[in-house]
Amino acid sequence: MQQHMTELQDLWSFRDQSSLGSNVVDTHADMSGFSVEAIDGSIGKVDEATYDVASSYIVVDTGPWIFGHKVMLPAGIVRGIDELEGMVFVNRTKDQIKSAPEYYESFALDDTYRSELDMYYGPGGAGHREWDDAF
């Protein structure tokens with residue numbers, strides 16, 4: 001049970017600087033407009049990023065890929081950030097992100113919505129994926 005709670009908490013926290021390849025957590029760098037890459041291709045651009053302790057996330061404007069939609073991705077699925085190239089890399093496939101619970105701006109602070117994302121992206125969920133830094 002304790003391990004499961006730690007994994008859920010980690011879902012909402014960026015990885016440490018050495019794993020992430022960037023110091024955005026300390027600098028709170030503006031990632032708006034950064035390209036977002038899933039394991040299997042581009043999913044859009046960062047619309048918003050937050051750095052709240054244990055509740056950080058990015059909102060991605062998917063543009064034409066899922067026309068007119070945005071997705072909220074917990075910070076814990078961000079596997080890397082390249083500030084020079086303006087890119088964010090996430091540890092999920094395009095299909096996993098496309099199938100995530102639908103996002104509306106009013107949901108950002110909603111505990112029920114965050115619980116849905118916990119269940120989807122967390123261990124045992126359809127959007128869960130073990131870490132693989134090899135790709």
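Remember, it's a predicted structure, so these values are computed and weren't measured experimentally.
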Colleague: Sorted by first residue and then second, give each side-chain hydrogen bond (donor to acceptor under 3.5 Å, both in side chains) pair with at least one member in residues 20-29; sequence neighbours left out.
Modeller: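 Checked against side-chain hydrogen bond (donor to acceptor under 3.5 Å, both in side chains) - neighbours excluded - the pairs reaching residues 20-29 are S22-E83.
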Colleague: Take atom NZ in K98; do more than 12 heavy atoms of anything else shown fall under 6.0 Å from it?
Modeller: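 For K98, atom NZ is not crowded (no more than 12 foreign heavy atoms under 6.0 Å).
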Colleague: Tell me whether R15 contacts the main-chain N or O of R79 through its side chain, where contact means a donor paired with an acceptor under 3.5 Å.
Modeller: yes
Colleague: So which atom in Y120 and which in D95 form the shortest heavy-atom distance, rounded to 0.1 Å?
Modeller: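 The pair with the smallest heavy-atom distance is OH-O, 4.3 Å.
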Colleague: Could you tell me whether a side-chain N or O of Y113 sits under 3.5 Å from a main-chain N or O of Y104, the two making a donor and an acceptor?
Modeller: no
Colleague: Quick one: does L117's side chain get under 4.5 Å of Y57's, heavy atoms only?
Modeller: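 When only atoms from C-beta onward are counted, Y57 and L117 do not touch, as no gap falls below 4.5 Å.
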Colleague: Just how far is it from atom CG of L73 to atom CG of N91, taken to the nearest 0.5 Å?
Modeller: 11.5 Å
Colleague: Do W12 and D52 meet the criterion of a side-chain donor-acceptor pair at a distance under 3.5 Å?
Modeller: no
Colleague: Looking only at non-hydrogen atoms, find the nearest pair between D47 and K70 and report the distance.
Modeller: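 Smallest heavy-atom distance, with atoms named: OD2-NZ, 3.0 Å.
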Colleague: Is there a donor-acceptor contact under 3.5 Å from the side chain of T62 to the main chain of I43?
Modeller: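 Side chain of T62 to backbone of I43, a donor-acceptor pair under 3.5 Å: no, none is there.
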Colleague: Before giving the answer on side chain to side chain contact (heavy atoms under 4.5 Å, CB included), spell out for F34 and I58 the whole-Å C-alpha distance, their side-chain angles and the decisive distance to 0.1 Å.
Modeller: CA-CA 11 Å; F34 279 28; I58 63 173; over 6 Å; no
Colleague: Looking only at heavy atoms, what is the nearest atom pair of Y121 and G127, with distance?
Modeller: CD2-O, 3.5 Å
Colleague: To the nearest 0.5 Å, tell me how far E105 CD sits from D110 CG.
Modeller: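 One finds 14.0 Å between CD of E105 and CG of D110.
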Colleague: Using links of under 4.5 Å between side-chain heavy atoms of ILVMFWY residues, direct or through other members, which residues join M87 in one cluster?
Modeller: F89
Colleague: Search all heavy atoms of S56 against all heavy atoms of F14 and return the closest pair with its distance.
Modeller: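 Taking every non-hydrogen atom into account, CB-CE1, 3.7 Å.
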Colleague: What's the separation between atom NZ in K94 and atom CD1 in I39, rounded to the nearest 0.5 Å?
Modeller: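 Between atom NZ of K94 and atom CD1 of I39 there are 12.5 Å.
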Colleague: For Y103 and A108, which heavy atoms make the closest approach, and how far apart are they?
Modeller: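 Shortest heavy-atom separation between Y103 and A108 comes out as OH-CB, 3.9 Å.
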Colleague: For a quick test of reading the model, state the closest non-hydrogen atom pair linking S13 to A54 and the distance between them.
Modeller: OG-CA, 3.5 Å
Colleague: Enumerate the residue pairs fulfilling side-chain hydrogen bond (donor to acceptor under 3.5 Å, both in side chains) with a member in residues 34-46, sequence neighbours excluded, ordered by first and then second residue.
Modeller: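 The answer is S35-K45.
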Colleague: Look up atom NE2 in H128 and atom CZ in R92, then write down how far apart they are to the nearest 0.5 Å.
Modeller: 6.5 Å
Colleague: Any chance you could lay out the side chain to side chain contact (heavy atoms under 4.5 Å, CB included) test for F107 and E116, step after step, and finish with the verdict?
Modeller: CA-CA 11 Å; F107 287 2; E116 288 179 34; over 6 Å; no
Colleague: Could you check whether D16 and S18, counting side-chain N and O atoms only, form a donor-acceptor pair closer than 3.5 Å?
Modeller: yes
